[in-house]
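Working notes, structure below.
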Amino acid sequence: MLQDSRTRVGIVPELGGGIAFMEALLPGGRDVPVLRRWTHSKSDGPFALACNVLVPFSNRISGGGFTFRGAFHAIAPNLAGEGFPIHGDGFQRAWAIEMTSGEAASLTLGNGQIGPFRYGARQLFHLEDGALHVEVVVTNETSGPLPFGAGFHPWFPRFAGTMLRFRASDVWLEDTRHLPTELVDVAARPQWDFSAAWPLPKAWINNAFTGWLGAATISQPGLHIAIDIEASPNLDVAVVYSPGPDADFFCFEPVSHAVDAYNLPGRPGLTVLERGQSLHAAMTLRWSPL
């Protein structure tokens with residue numbers, strides 16, 4: 001566990017190196033959830049955590065894999081109930097504790113392996129004046145070059161008064177398989193225009209916003225806090241996911257590429273790494289009182 005005078009964070013190395021909770025320590029000894037709290041049951045799986053790390057790619061890859069430099073690379077589904085491989089395998093593997101102190105920790109993963117990918121990864125966590133800084137570094141250990149991606153999958157509490165604000169230029173529409181169909185201007189979907197603080201949709205949303213500027217704010221009046229999300233420039237796609245108002249959570253995921261970027265023209269957002277090269281990505285979560 002990490003803690004400073006304003007924030008407490010739990011990490012579960014053996015469950016995908018994920019975050020179990022992030023709590024704001026309010027005056028009077030009261031703590032409230034910045035992220036949704038983990039169920040503390042490993043049998044519930046990694047998506048019951050407060051945040052998952054996504055390596056060596058984010059979201060779904062269709063078609064059984066992808067073609068790169070003339071060769072087809074197969075990837076089998078890696079999660080029960082999913083028809084496509086999703087979110088890499090970093091969130092499914094046990095990470096090793098490299099270092100831990102009162103306000104910082106680092107984890108390593110030495111056996112990342114999904115489809116054609118062979119990789120190592122490192123996560124660094126650091127609390128500073130209540131803000132949680134998380135960085136992931138993924139290194140290609142495959143015999144040749146491959147396109148890599150990365151991202152973070154935080155789960156936030158959802159209440160009737162929850163508001164979300166961020167700017168983006170376009171949004172991908174999805175089909176019933178949760179694969180992208182068309183990129184449209186956000187202005188064409190005013191219900192998804194969060195350039196001013198706006199409630200989450202009452203219907204299903206699971207869409208990737210592109211041209212995101214790397215900053216977002218979640219207002220939680222019921223908890224008396226606001227949460228600022230900042231991401232490194234290479235995480236310029238934001239996925240917003242919520243099943244609807246009856247869900248007690250929603251996700252705002254800073255990621256490097258759109259859903260199924262491996263099979264989109266130009267592979268937007270993916271980074272080709274030669275063997276031994278690394279991709280860095282970072283996210284900061286900072287809360288303030290309302």
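Heavy-atom basis, side chains included; hydrogens, waters and symmetry copies ignored. Note that the numbering runs from 1 along the sequence shown for the chain.
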Are R60 and E174 close enough that some pair of their side-chain heavy atoms sits under 4.5 Å apart? no
Would you please test L107 and F125 for side-chain contact (heavy atoms from CB on, under 4.5 Å) and show each step? CA-CA 9 Å; L107 308 178; F125 304 85; 3.8 Å; yes
Does the ring center of F250 lie less than 6.0 Å from the ring center of W155? no
Same cluster or not: V239 versus F166, using hydrophobic residues (I, L, V, M, F, W, Y) connected whenever any side-chain heavy atoms lie under 4.5 Å apart? no
Is there a donor-acceptor contact under 3.5 Å from the side chain of N207 to the main chain of W172? yes
At their closest point, which heavy atom of P201 faces which heavy atom of R158, and how far apart are they? O-NH2, 2.9 Å
Taking E98 for its side chain and R122 for its backbone only, find out whether a donor-acceptor pair lies under 3.5 Å. no
If you compare all heavy atoms of V186 against all heavy atoms of V171, which two are closest, and at what distance to 0.1 Å? CG2-N, 4.1 Å
Nearest 0.5 Å please: distance from the OH atom of Y119 over to the CG atom of D89. 3.5 Å
When every non-hydrogen atom of L127 is compared with those of D4, the smallest separation belongs to CD1-N, 3.8 Å
Rounded to the nearest 0.5 Å, the CG atom of L26 sits from the CD1 atom of I225 at a distance of 7.0 Å
Between D260 and R177 (salt bridge meaning N to carboxylate O under 4.0 Å), is one present in this structure? no
Indicate yes or no: at least one non-hydrogen side-chain atom of R69 is less than 4.5 angstrom from one of V272. yes
Mind checking the CZ-CH2 spacing from R165 to W198? Nearest 0.5 Å is all I need. 14.5 Å
Hey, quick one: are L290 and V34 part of the same hydrophobic cluster, counting side-chain heavy atoms closer than 4.5 Å, chains of contacts allowed? no
Minimal non-hydrogen separation, I97 against P13, with atom names: CG1-CG, 3.7 Å
Modelled atom types, side-chain donor and acceptor of S41 and S43, under 3.5 Å: yes
Between I218, I229, I227, which is the residue that forms a side chain to side chain contact (heavy atoms under 4.5 Å, CB included) with L164? I218
Sole candidate of F209, F252, W204 that passes ring-ring contact (aromatic ring centres under 6.0 Å, His included) when paired with Y241: W204
Pair E230, T284: side-chain N/O donor-acceptor within cut-off below 3.5 Å: no
Do any N or O atoms from the side chain of R6 and from the backbone of D129 form a donor-acceptor pair under 3.5 angstrom? yes
Cluster link L285 to V32, ILVMFWY, side chain under 4.5 Å: yes
Can you find a heavy atom in the side chain of P254 that is under 4.5 Å from one in the side chain of P154? yes
In terms of side-chain geometry, is the basic nitrogen of R118 or E141 positioned less than 4.0 Å from the acidic oxygen of its partner? no
Would you say the rings of H178 and F84 are close, in the sense that their centroids are separated by under 6.0 Å? no
Return yes if some donor-acceptor pair links the side-chain N/O of N78 with the main-chain N/O of G88 below 3.5 Å, else return no. yes
side-chain contact (heavy atoms from CB on, under 4.5 Å) between R37 and E23, intermediate numbers included: CA-CA 9 Å; R37 292 185 175 108; E23 297 170 336; 2.9 Å; yes
Do D175 and T181 pair up side chain to side chain, a donor and an acceptor below 3.5 Å, judged on atom types alone? no
Apply side-chain contact (heavy atoms from CB on, under 4.5 Å) to the pair L2 and E103, showing each step before the final yes or no. CA-CA 5 Å; L2 310 181; E103 298 179 3; 5.7 Å; no
Check for a donor-acceptor pair, side chain of H87 on one end and backbone N or O of N59 on the other, with a separation under 3.5 Å. yes
side-chain contact (heavy atoms from CB on, under 4.5 Å), that's the test. Do F159 and L223 meet it? Break it down for me. CA-CA 9 Å; F159 304 99; L223 300 177; 3.7 Å; yes
Are the side chain of S256 and the backbone of G149 linked by a donor-acceptor contact shorter than 3.5 Å? no
L279 vs N234 side-chain heavy atoms within contact, under 4.5 Å: yes
Looking at R267 and H257, would you say the former's side chain and the latter's main chain have a donor-acceptor pair under 3.5 Å? no
According to a hydrophobic-cluster definition based on side-chain heavy atoms being under 4.5 Å apart (Ile, Leu, Val, Met, Phe, Trp, Tyr only), do V237 and Y262 belong together? no
In short, P46 meets N52 closest at the heavy-atom pair O-ND2, 2.8 Å
Within-4.5 Å side-chain heavy-atom neighbours: P116 and F68: no
Could you check if a side-chain atom of H153 sits within less than 4.5 angstrom of a side-chain atom of L49, using non-hydrogen atoms only? no
Taking F91 as the starting point, is it possible to reach F156 by hopping between hydrophobic residues whose side chains are less than 4.5 Å apart? no
CZ of R36 to CE of M22: how many Å apart, nearest 0.5 Å? 15.5 Å
Taking the side chain as every heavy atom from C-beta outward, state whether D248 and P157 have any pair of such atoms under 4.5 Å apart. no
Tell me, do V55 and F117 make a side-chain contact under 4.5 Å, heavy atoms counted? no
Does W95 use its side chain to pair, donor to acceptor, with the backbone of G16 at less than 3.5 Å? yes
Distance, nearest 0.5 Å, that separates CG of L124 from NE2 of H280: 10.0 Å
Atom of P243, atom of A247 and distance for their closest heavy-atom approach: CD-CB, 3.8 Å
Could you measure the distance from the CG atom of N140 to the CD atom of Q277? Nearest 0.5 Å is fine. 8.0 Å
